[in-house]
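Numbers for residues simply follow the sequence, beginning at 1. All of these numbers come straight from a predicted model, not from anything done at the bench.
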Amino acid sequence: MTVQLDSPGIASVGEPSSAEAELGELFEQIRELDAQLLEVIKRRSELVHRIGASTKGTDASREAQAEEMAVLGRFDELGTDGSTLAMTLLRLGRTPKA
């Protein structure tokens with residue numbers, strides 16, 4: 001059996017197919033989003049640390065605790081995984097800076 005390399009639907013060696021090119025583009029978008037998420041999470045943790053330092057030993061600490069509980073509600077639409085994500089974000093905010 002012989003296959004003609006210029007046959008429709010047969011990509012040349014080394015040339016990515018349109019599906020491979022699309023996948024590459026989609027993976028690149030995911031990498032960019034991951035980088036953005038990482039920066040946002042770091043910023044969020046910094047803010048939580050600042051709030052903790054500002055409210056320590058004051059009446060405002062109760063308000064900060066209530067706000068932490070509200071985080072869980074904001075992620076409800078993602079279901080169980082949303083709750084897990086919210087708890088992870090809360091833990092990251094409590095973790096001392098390295």
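Glu20 places a side-chain N or O within 3.5 Å of a backbone atom of Ser17 that can act as its donor or acceptor partner. A distance-only check finds a donor-acceptor pair linking the side chain of His49 to the backbone of Gly93 [under 3.5 Å]. The main-chain N or O of Thr58 is never found under 3.5 Å from a side-chain atom of Thr55 such that the two would form a donor-acceptor pair.
Residues Ile41, Val71, Leu72, Phe75, Leu78, Leu85, Met87, Leu89, Leu90, Leu92 make up the rest of the hydrophobic cluster containing Met69, defined by ILVMFWY side-chain heavy atoms closer than 4.5 Å, directly or through other members.
Open room surrounds CD on Glu25; 12 or fewer heavy atoms of other groups in view lie less than 6.0 Å from it. Dense packing is recorded around CD of Gln29, with more than 12 heavy atoms of other residues, nucleotides or ligands lying under 6.0 Å away. No more than 12 heavy atoms of other residues, nucleotides or ligands shown are found within 6.0 angstrom of CG on Asp59.
Atoms CZ and CG, from Arg44 and Leu37 in turn, are 13.0 Å apart once rounded to the nearest 0.5 Å. Taking CG from Leu33 and CG from Leu38, the interatomic distance works out to 12.5 Å, rounded to the nearest 0.5 Å.
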(message) Using side-chain contact (heavy atoms from CB on, under 4.5 Å), reason through Glu68 and Arg94 one step at a time and then give a plain yes or no.
(response) CA-CA 11 Å; Glu68 275 195 351; Arg94 293 185 195 117; 2.8 Å; yes
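Using a 4.0 Å cut-off between charged side-chain N and carboxylate O, Glu67 and Arg74 make a salt bridge.
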